[in-house]
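Before any comments, here is the structure.
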Amino acid sequence: MSALRLVSSVARRAPGSFVLGRRGYAEASDKIKLSLVLPHQAIFTSTDIVQVNLSAATGDMGILANHVPSIEPLRPGLLEVIESAGSSKKWFVSGGFATVHPNNKLTINAIEAAPLEDFSPEAVRANLQEAQKVLSGNGSEEDKAEARIEADVYEALQHALGTK
């Protein structure tokens with residue numbers, strides 16, 4: 001029996017004991033408690049923020065208060081945190097997961113993240129060209145696979161720097 005049918009049948013049998021939460025729209029004063037964690041560092045720890053924009057595997061998305069609970073795999077890209085005063089901080093994230101919990105909590109577990117201003121557009125462009133040379137060369141399949149990953153990350157980084 002599929003999980004959905006199992007939950008549906010249980011809900012029909014005990015209608016008074018199964019209560020679904022009700023979603024509403026975010027108000028300007030609503031905040032999210034953000035925890036942004038790397039393997040070696042916590043950048044935010046239950047910090048009140050207004051919005052997070054991130055690069056999910058399914059596409060770019062913005063998360064506000066009262067967002068539906070979900071788990072999103074992250075692809076390399078821009079992570080923007082909009083704080084209460086309207087200021088924003090931007091990081092480049094190499095990948096990870098974003099988990100939206102009930103009660104306006106968001107946890108982002110990232111493999112690597114660095115402030116966007118730490119990157120040089122010239123260095124990114126040069127490294128992207130180098131990765132593309134390896135891709136078009138006569139290297140081993142392993143070298144080409146590594147170069148494809150590098151090129152994907154540098155292209156995402158180049159795009160993020162273009163939106164800086």
Side-chain angles (χ1 to χ4, degrees), residues 2-4 23 26 30-164:
S2 76
L4 181 59
R23 285 192 63 221
D30 289 346
K31 304 283 188 270
I32 306 169
K33 290 212 176 282
L34 172 66
S35 295
L36 173 56
V37 183
L38 309 178
H40 61 280
Q41 175 187 14
I43 297 173
F44 286 101
T45 307
S46 293
T47 304
D48 285 337
I49 54 103
V50 174
Q51 180 176 347
V52 174
N53 299 320
L54 51 83
S55 300
T58 56
D60 294 342
M61 64 186 293
I63 299 173
L64 296 164
N66 299 322
H67 194 282
V68 65
S70 62
I71 298 174
E72 296 290 336
L74 301 178
R75 63 178 160 70
L78 181 66
L79 174 74
E80 180 181 22
V81 176
I82 301 172
E83 298 177 308
S84 301
S87 63
S88 71
K89 294 181 180 176
K90 296 179 181 182
W91 285 271
F92 183 79
V93 176
S94 65
F97 286 90
T99 307
V100 181
H101 304 276
N103 302 323
N104 296 326
K105 293 181 183 174
L106 171 63
T107 304
I108 299 174
N109 296 311
I111 299 165
E112 295 175 308
L116 201 54
E117 64 265 7
D118 287 359
F119 294 96
S120 160
E122 296 78 23
V124 170
R125 195 172 12 263
N127 288 334
L128 176 58
Q129 289 173 351
E130 184 63 32
Q132 289 170 336
K133 279 184 198 173
V134 173
L135 273 172
S136 62
N138 293 331
S140 69
E141 288 301 313
E142 183 179 337
D143 291 341
K144 287 184 178 185
E146 287 178 11
R148 177 75 264 155
I149 293 168
E150 285 181 32
D152 289 346
V153 171
Y154 285 126
E155 287 169 357
L157 185 51
Q158 198 170 46
H159 178 71
L161 289 169
T163 60
K164 184 176 173 184

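Positions are given from 1, in the same order as the sequence printed here. Just so it is clear, the values below take in all heavy atoms, side chains as well, and ignore hydrogens, waters and symmetry mates.
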Legend entry - Gln41 and Leu36, any side-chain heavy atoms less than 4.5 Å apart: no
Legend entry - Rounded distance (nearest 0.5 Å) linking atom CD1 of Ile49 with atom CG of Asn104: 10.0 Å
Inset, instruction - Can you see which heavy atom on Val68 is nearest to which on Val100, and at what distance? - result: O-CG1, 3.6 Å
Inset, instruction - Looking only at non-hydrogen atoms, find the nearest pair between Phe92 and Ala160 and report the distance. - result: CD1-CB, 4.1 Å
Inset, instruction - Can you establish whether the number of heavy atoms outside Glu112 located under 6.0 Å from its atom CD is more than 12? - result: no
Legend entry - Asn103 CG to Ile32 CD1 distance, which is reported to the nearest 0.5 Å: 12.5 Å
Inset, instruction - Drop me the distance from Ile63's CD1 to Ser70's OG, to the nearest 0.5 angstrom. - result: 6.0 Å
Inset, instruction - Please name the pair of heavy atoms, one in Gly77 and one in Ser55, separated by the smallest distance, quoted to 0.1 Å. - result: CA-OG, 3.6 Å
Inset, instruction - For residues Trp91 and Val81, determine if any side-chain heavy atom of one lies less than 4.5 Å from a side-chain heavy atom of the other. - result: yes
Legend entry - Criterion salt bridge (Lys or Arg N to Asp or Glu O under 4.0 Å) against Glu83, the qualifying member of Lys31, Lys90, Lys89: Lys89
Inset, instruction - Could you tell me which non-hydrogen atom of Glu80 sits nearest to which non-hydrogen atom of Ser88, and how far apart they are? - result: OE2-OG, 3.3 Å
Inset, instruction - Enter the distance from Ile43:CD1 to Ile108:CD1 here, rounded to the nearest 0.5 Å. - result: 9.5 Å
Inset, instruction - Would you indicate whether the side-chain heavy atoms of Asp152 and Glu155 approach each other to under 4.5 Å? - result: yes
Inset, instruction - Indicate the atoms forming the closest heavy-atom contact of Ala131 with Ala151, along with that distance. - result: CB-N, 4.0 Å
Inset, instruction - May I ask you to decide if Ser46's main-chain N or O and Ser35's side chain share a donor-acceptor pair within less than 3.5 Å? - result: yes
Legend entry - Under 3.5 Å side-chain donor-acceptor pair for Glu142 and Ser140: no
Inset, instruction - Report the distance from atom CE of Met61 to atom NE2 of His67, rounding to the nearest 0.5 Å. - result: 3.5 Å
Legend entry - Nearest-0.5 Å distance that lies between atom OG1 in Thr107 and atom CD1 in Ile71: 10.0 Å
Inset, instruction - For residues Asp30 and Ala65, report the shortest heavy-atom separation together with the two atoms involved. - result: CB-CB, 3.3 Å
Legend entry - Option among Asn53, Leu161, Leu157, Leu116 that satisfies the side chain to side chain contact (heavy atoms under 4.5 Å, CB included) test with Leu78: Leu116
Legend entry - Check: Lys144 side chain, Asn138 main-chain N or O, donor-acceptor pair, under 3.5 Å: no
Legend entry - Whether Asp48 side chain and Lys33 backbone form a donor-acceptor pair below 3.5 Å: no
Inset, instruction - Take Gln51 and Leu34 through the test side chain to side chain contact (heavy atoms under 4.5 Å, CB included) and record every step on the way to the result. - result: CA-CA 9 Å; Gln51 180 176 347; Leu34 172 66; over 6 Å; no
Legend entry - Residue pair Asn127 / Glu150, side-chain heavy-atom distance below 4.5 Å: no
